[in-house]
Amino acid sequence: MHNLQDRFHPGSAQEHFDPMSHVVPIRMYVTIWAALMIFTGLTVFAATVELHVFNIVLALLIATIKGTLVALFFMHLRYSTKLTMVTVIAAIFFLFILFGLSMTDYLTRAWLTNTIH
Amino acid sequence: MATAVQSVERENYLNSNYGIKSWLLTSDHKRIAMLYLISITAMFWIGGFFAMLIRLELLTPAGDLVSSDTYNKLFTMHGIIMVFFFLIPSVPAVIGNFVIPLMIGAKDLAFPRINLLSWYIYMAGAITAIVAMVTGGVDTGWTFYTPFSTTYSNTHVIGAAIGIFIAGFSSIFTGLNFIVTIHRMRAPGMTWRRLPLFCWSNYAAALIMVLGTPVVAITLLLVALERAFNIGVFNPQLGGDPLLFQHLFWFYSHPAVYIMILPGMGVISEIIACFSRKRVFGYEFVALASIAIAVLGFLVWAHHMFVAGISVYAALVFSLLSYLVAIPSAVKVFNWTATLYKGSIRYETPMLYAFGFIGLFTVGGLTGVFLASLGIDVHVTDTYFVVAHFHYVMVGGMVMAYMAGLHFWWPKISGRMYPEAWAKLSALLVFVGFNTTFFPQFILGYMGSPRRYHAYPPEFQVLNVLSTAGASILAVGYVLPMIYFLWSLRYGELAPPNPWNAVGLEWMTPSPPPTHNFDETPIVTWEAYDYEHQPQEEVSVGH
Amino acid sequence: MATSDIQVAEHALQHHFADMEQQQETSTFGMWMFLLTEIMFFGGLFCAYLVYRASYYQAFVEGSQKMNIWLGATNTAVLICSSLSMALGVRAAQMGKPKLMAILLLITMVFGFGFLGIKGIEYHEHWVHHEFPGPNFHFETGDPAHPATDPQHTQIYFSLYWAMTGLHAFHMIIGIGLVLWIMIAGLMGAFTPSYFTPVENVGLYWHFVDLVWIYLFPLLYLISKKHGG
Ligand code: HEM
Ligand SMILES: [Cu+2]
């Protein structure tokens, strides 16, 4: 049998409610801010170096690191429920389906014509 | 509580206060459901009016009743209204809105005011679209294909696109509300495994609403911008790729066809269980099949573009993926059938509609699989075969389910019974009329009759006349319920709380329910569809 | 303080929730759900960007070289600063300091307007150089040795540039309105340490808009190194 406690708040599990529990120290916010600024400088600098395809890879990598920092700390994702995490992951997952399956068309459209000519 | 004596004076959501303001400013999910019911019914008749004109034109091979331009506008406006303003909100916004909170033992949806806002947004979208139609109409087809829609059509494309754009946000907010509600508002003991399948399937449809609708919204916005400023994104003359439009459009619109079937499947699960007095066979599989359909539905969109010029390799991938969607759909059909097996079946109106649904959805779904195979699709794409396919799933499936649900929950909604004999007659008329209308179209399409033309070769006339005749029967089948539902509001027998002897929390509160749904928050201690252990009178009350 | 705290909290509890915990988690989850729809909304444009950039890389490089990297980088920094002040504002609300919160939100708005101002300068530059898609679009690299190779597709680059940054700017404007609203509500005593969900949610929205820009900046401004700016 399930325990009765569980039933009263399905979904919220047993986490205890305390809105004050996630007060993040100012130092943390400032550190994240500084990291974001440094990464911004870095990405501008990286763009001036010729790395061929790796320019875009690096740019997106840096953007993703910055984005992750914003989400985890400024948006408190790090302290939020699993459900919130899943929501974010779902968004990214379906976004990649949109990108990926669209590209199956664009990347292979020329194949057939190439073999014919 | 379930045995409470019916009294006319008892306060309920309908008589708790009066006046137009108490309806237009309500945040009660039940009243909002009624606002939707009225508005989408109006849209249904407008869309139906266009359909009648289409069928009349097709009575004769010559294009005599309307010009080809007018005909183009007729099928476009029929499609836009029926898809975006009737079918998408039908089961979720009316029935879902009304019963989901009741089913899970909640007082309301998670965000009641956003729920009301959704309705206003819907109305704003509907009025925008109707204004565009009245002031000249649109002729692009409901799919708005570029570059016709962006460059060549000289009808009110922008107005119609903006109308749909706006209505999209209504759908997004409804979906968001359902997801959050089902996660967060369940009564104690209402675990995921006890959740009615209607909630599961609406949850799955809501996932599609929140994930897909934004994409079509931005796409239609781009169409409007392209038309207004010639920005080139979808215009091949300016270097754009019209197929990109189709990708973005179908990324939403294929999953959207599952918005237009999943909630209906939920209705059918409830009804089949109730009227065969059995737990739905393989409850978990039926529940998970909804989620599987929603997710897989996002992987198949380019099966609408097989002959549009996409890469053959991509077409192969999409064709294979499309077959996969048929699996969870089939799981549902098999499990409903298995539920019927050895059930003590009662043939009441909702059940008649449910039977109709199972048969017609099966035909529609299987022909979908035909269309998903490249070789067949090249032959029948853009013919009446496709038209028949999607009407079997959308009208034979979803509209049937909507009618089934309206009859099933009408006693709860209105507090009155509808006249059973008339209802059975109408269910029969709908079934016969529907098949007479659309089955000939499979044959027409297979013989090569293309869709979207106002004239056709004389040898196709017999089948077309049959189709138009069927449409008239279908129309009678839809008018009847409209009349007797209205009639029943005044003259119908008073409904007991649980006229069908069904399980489910919505039947444990009076009909019509009080504003706050339950006098005390119910605590669920039994499994879903616990028909084997009926009667199950008690609702244990919270402490 | 403590009693008024409870009063505000009681007042803020809507009838259909069992308690504040359920209400607070529900609305935060709702906000994240909304952000998911926003991701998909921008996602359509990002998809178009991906498709065209993959197909017409050179045209995109040439368009991107018209971007003023320094203004773009400055604006990125401005937004990051605004995110910091926003985060600190939420923190102040969390700790029950409405005045401090108001000041921090005011700073956030100032950064927001700063961003829009700089964006406006850039827009103006593009406009006078006919870098707005449509009949008046006219594109030259400005380097006679390397004339534009594919102006047609560079126009698509600019279409996407205007659409993406325009949609982003539109979100900024909404965001500033929301921040103003919670600032006023906060000063009127609407929030307490046990009830500040609207502040939290507006914060989420603001950070999200910042996050979108974090991707827009490299994708639109930094396509090729050939111009440091
Ligand atoms: C069992 C799974 C299904 C499969 C494999 C499937 C497959 C297809 C395919 C391949 C097409 C494109 C035909 C063509 O244009 O050549 C199509 C069209 C269509 N299907 Fe389905 N389908 C399925 C279920 C559904 C359902 C459940 C609905 C709606 C409730 C639906 C609604 C439509 C509509 C509206 C179109 C036509 C769109 C247009 O061009 O106007 N389908 N289907
Ligand atoms: Cu499809």
Side-chain angles (χ1 to χ4, degrees), chain A residues 8-9 11-12 15-20 22-26 29-30 32-33 36-37 39-41 43-51 55-56 58-60 62-64 66-67 70-71 73-77 80-81 83-85 87-88 90-92 94-95 98-99 102-103 105-107 109, chain C residues 18-22 24-25 28-29 32-33 35-40 43-44 46-47 50-51 53-55 69-70 72-73 76-77 80-81 83-84 86-88 90-91 94-95 193-197 200 203-204 206-208 210-211 214-215 217-219 221-229:
Chain A
F8 272 83
H9 291 295
S12 78
E15 289 165 46
H16 196 70
F17 182 59
D18 177 9
M20 294 290 285
H22 308 148
V23 178
V24 181
I26 291 186
Y29 285 127
V30 174
I32 299 299
W33 170 82
L36 290 171
M37 293 301 258
F39 277 121
T40 304
T43 193
V44 172
F45 170 73
T48 64
V49 186
E50 177 63 88
L51 299 168
N55 274 110
I56 180 68
L58 189 60
L60 285 178
I62 294 178
T64 304
K66 286 166 70 182
V70 170
F73 296 97
F74 283 177
M75 298 173 87
H76 299 163
L77 195 56
S80 58
T81 55
L83 188 57
T84 314
M85 250 354 156
T87 309
V88 175
I92 297 168
F94 284 96
L95 198 59
L98 172 62
F99 294 168
S102 299
M103 289 314 277
D105 175 19
Y106 289 95
L107 294 180
R109 232 185 245 178
Chain C
D19 52 35
M20 289 304 283
E21 174 194 9
Q22 191 193 21
Q24 192 259 337
E25 282 189 14
T28 305
F29 177 44
W32 278 98
M33 242 333 143
L35 295 184
L36 170 143
T37 72
E38 287 274 25
I39 292 177
M40 299 310 288
F46 277 95
C47 182
L50 171 68
V51 162
R53 179 191 159 118
S55 311
I69 292 191
W70 299 117
T76 311
I80 292 173
C81 295
S83 261
L84 176 65
M86 185 77 227
L88 294 176
V90 175
R91 186 175 180 277
Q94 212 170 3
M95 301 186 27
S194 52
Y195 174 69
F196 60 96
T197 321
E200 167 114 18
L204 286 177
W206 189 271
H207 296 308
F208 169 77
D210 180 16
L211 216 158
I214 285 178
Y215 279 92
F217 174 57
L219 289 178
Y221 288 72
L222 305 177
I223 291 187
S224 165
K225 67 127 201 165
K226 286 167 202 150
H227 262 246

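Note: hydrogens, waters and symmetry copies are ignored here, and every other heavy atom, side chains too, is used. Computed from a prediction, not measured in an experiment: that's the story for all the values here. Chain letters run A, B, ... following the sequence lines, proteins first and then strands; every chain starts at 1.
For the set C:A73, C:G72, C:S55, C:S83, the count of heavy-atom pairs under 4.5 angstrom toward chain A peaks at C:S83. Note: C:V51 leads C:V51, C:L219, C:I39, C:T37 in heavy-atom pairs under 4.5 Å with chain A. Each of A:F74, A:F39, A:F94, A:F45 has some count of heavy-atom pairs under 4.5 Å with chain C, and the biggest count is that of A:F74. Options A:T64, A:V88, A:I92 differ in how many heavy-atom pairs under 4.5 Å they form with chain C, and the most are formed by A:T64. Taking C:G44, C:P218, C:C81, C:A54 one by one and counting their heavy-atom pairs under 4.5 Å with chain A, the maximum is reached by C:C81. Here A:G67 is the residue among A:G67, A:A59, A:G41 with the most heavy-atom pairs under 4.5 Å with chain C.
In this structure, chain C has a heavy atom under 4.5 Å from the side chain of A:M103, while its backbone stays farther away. Both the backbone and the side chain of A:T87 have a heavy atom closer than 4.5 Å to some heavy atom of chain C. Looking at C:F217, only its side chain comes within 4.5 Å of chain A, counting heavy atoms on both sides. Heavy atoms closer than 4.5 Å to chain A are found in both the backbone and the side chain of C:A77. Looking at C:L211, only its side chain comes within 4.5 Å of chain A, counting heavy atoms on both sides.
Residue A:I56 holds its CD1 atom at 9.0 Å from CG of C:L222, rounded to the nearest 0.5 Å. Residue C:L204 holds its CG atom at 9.5 Å from CG of A:L77, rounded to the nearest 0.5 Å. To the nearest 0.5 Å, atom OG1 of residue A:T84 and atom CD of residue C:E25 are 8.0 Å apart. Within the model, atoms NE2 of C:H207 and CZ of A:F73 stand 13.0 Å from one another, a figure rounded to the nearest 0.5 Å. Put simply, CE on A:M75 and CG on C:L35 are 5.0 Å apart, with the number rounded to the nearest 0.5 Å. Atom CZ of C:F46 is separated from atom CG of A:L98 by 12.0 Å, given to the nearest 0.5 angstrom.
The nearest pair of heavy atoms linking C:G43 to A:F99 is O-CE2, 3.6 Å. Looking at every heavy atom in both residues, C:R91 comes nearest to A:I26 through NH1-CG1, 3.3 Å.
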Legend entry - Intermediate values then yes/no, side-chain contact (heavy atoms from CB on, under 4.5 Å), A:V70 and C:F208: CA-CA 8 Å; A:V70 170; C:F208 169 77; over 6 Å; no
Legend entry - A:T81 and C:F29: CA distance, side-chain angles, deciding distance, side-chain contact (heavy atoms from CB on, under 4.5 Å) verdict: CA-CA 9 Å; A:T81 55; C:F29 177 44; over 6 Å; no
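Counting heavy atoms from C-beta on, the side chains of C:L84 and A:M37 never come closer than 4.5 Å.
With sequence neighbours excluded, the residues satisfying ring pair (Phe, Tyr, Trp, His ring centres under 6.0 Å) with A:Y106 are B:H247. By the salt bridge (charged side-chain N to carboxylate O under 4.0 Å, His left out) test, C:D210 is found to be paired with no residue, residues two or more places apart in sequence or in another chain being considered.
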